[in-house]
Amino acid sequence: GRAAQGVGLGLTALMMGVARDHLPEERGAAVIALISVVSIIGAGVGYPLTAAGDVKAVGSSINVTGPLTTSGSVALDAGGGNVTFGNTLTVSSGTLTVTDGNAVDLANTTVSGTLQAANGFTLPAGATLGGTGFVSGNLAVNGSLGGTLSVGGNVTVNGGGSVSPGPFVATLSVIGNLTFQSGGTFAADILGAGFNDRIAVSGAVDIGTGNVLVPNFGGYIPSPNDSYVLITNDGSDNLAGTLNGVRNRAGEQLNGTFF
């Protein structure tokens, strides 16, 4: 295996040299980046990788074992196969498009640009997804979803998964439906009356009947008449469930505090 890796890396260096010497500069950079992607995916050596510009990697199965940072227009296309990320993924700008036969399993991921997949994403237990960008596709959350992301799809928070906008007080947007399954939680910073984390939803909301809310008051002591807006939707779609036993109705209280 090590010998094969050595041969593969040697051929990679040769191919990069050919691309650099025989292609125009604007084409050479993209081809070298593509060679880098394919090499590290194929060899599985786990080196950090940066893919910038107009880059596309195609294979029946793509396994990115090392940290990957993308910018520009980058595509990982496994057709009906699988794309897996074994280390950190950072979409620093531009768009990363992932084509997978199933929902894409993410590792620890930060999105400042756009991350998209037609079959959506799964955030495994123990992994985090955050940033300030846009995630296009349905998302199943078994880990921790945070940042000020906009998710263009339905978000399902499964048991053991959590939503925690931030850092600090922030709003996370869901352009689709939001569902909390039993054991899923909303870890909300509530640092003052009207000064709290929020999830803004464009579709239907179902928070179930469990103890969804895990508030962090951070030293703030609520007064009985303080109120907070924690989850909003567009008003035309359904809002179902109870928040730690508190229904969506004026006058309801949680530990003496209005929600």
Between Thr65 and Asn87, what is the shortest heavy-atom contact and its length? O-CB, 3.5 Å
With a 4.5 Å heavy-atom cut-off, do Ile231 and Val201 have their side chains touching? yes
Keeping the roles fixed (side chain from Asn82, backbone from Asp100), state whether a donor-acceptor pair exists under 3.5 Å. no
Residue pair Leu230, Ile190: steps toward the side chain to side chain contact (heavy atoms under 4.5 Å, CB included) verdict: CA-CA 9 Å; Leu230 295 168; Ile190 302 175; 4.2 Å; yes
Would you say the side-chain atoms of Asn177 pair up with the backbone N or O of Gly203, donor to acceptor, closer than 3.5 Å? no
Distance-only, no hydrogens or angles: does the Asn138 side chain make a donor-acceptor pair with backbone N or O of Gly120 under 3.5 Å? no
Are Val155 and Phe134 joined in one hydrophobic group, where the rule is that I, L, V, M, F, W and Y side chains link up if heavy atoms are under 4.5 Å apart? no
Counting distance only, does the side-chain N/O of Asp206 pair as donor-acceptor with the main-chain N or O of Thr179 below 3.5 Å? no
Minimum side-chain heavy-atom gap Pro124-Asn142 below 4.5 Å: no
Under 3.5 Å, is there a donor-acceptor pair between the Asn119 and Asn102 side chains? no
Looking only at heavy atoms, which two atoms of Ala170 and Thr148 are closest? And how far apart? CB-CG2, 3.6 Å
Sub-4.5 Å side-chain heavy-atom contact between Tyr228 and Pro215: no
For the residue pair Ala103 and Thr122, what are the closest heavy atoms and their distance? CB-OG1, 3.7 Å
Pairwise distance CG(Leu76) to CZ(Phe85) - rounded to 0.5 angstrom: 5.0 Å
Under 4.5 Å between side-chain heavy atoms, hopping through other hydrophobics if needed: is there a path connecting Phe217 to Leu213? yes
Using modelled atom types only, decide if a donor and an acceptor are shared between the side chain of Ser162 and the backbone of Phe186 within a distance under 3.5 Å. no
Quick one: are Tyr220 and Asn196 in side-chain contact, heavy atoms under 4.5 Å? no
Inter-residue atom distance Asp234.CG - Ile175.CD1, 0.5 Å rounding: 11.5 Å
Residue from Thr90, Thr132, Leu96, Leu149 passing side-chain contact (heavy atoms from CB on, under 4.5 Å) with Val111: Leu149
Looking only at heavy atoms, what is the nearest atom pair of Ala127 and Leu106, with distance? CB-O, 4.3 Å
Verdict with reasoning, Thr84 to Asn63, per side-chain hydrogen bond (donor to acceptor under 3.5 Å, both in side chains): CA-CA 5 Å; Thr84 57; Asn63 179 22; 2.9 Å; yes
Would you name the heavy atoms of Leu123 and Ser144 that are closest together and state the gap between them? CD2-O, 3.4 Å
Check whether any side-chain heavy atom of Val83 lies under 4.5 Å from a side-chain heavy atom of Thr99, and answer yes or no. no
Checking Ser164 side chain against Ala187 main chain: does a donor-acceptor pair fall under 3.5 Å? yes
Enter the distance from Ile207:CD1 to Leu239:CG here, rounded to the nearest 0.5 Å. 6.5 Å
Determine whether Val205 and Ile199 satisfy the following criterion, side chain to side chain contact (heavy atoms under 4.5 Å, CB included), listing intermediate values before the conclusion. CA-CA 10 Å; Val205 176; Ile199 306 174; over 6 Å; no
Minimum heavy-atom separation for Arg198 to Thr232, with atom names? CD-CG2, 4.1 Å
Would you say Thr109 and Phe121 make side-chain contact, with heavy atoms under 4.5 Å? no
Tell me, with the steps shown, if Val98 and Leu115 meet side chain to side chain contact (heavy atoms under 4.5 Å, CB included). CA-CA 8 Å; Val98 184; Leu115 173 63; 4.3 Å; yes
From CG (Leu89) to CG (Asn108), nearest 0.5 Å: 10.0 Å
Side chain Asn233, main chain Ser202, donor-acceptor under 3.5 Å: no
With side chains defined as the heavy atoms from C-beta onward, is the minimum distance between Leu129 and Leu139 less than 4.5 Å? yes
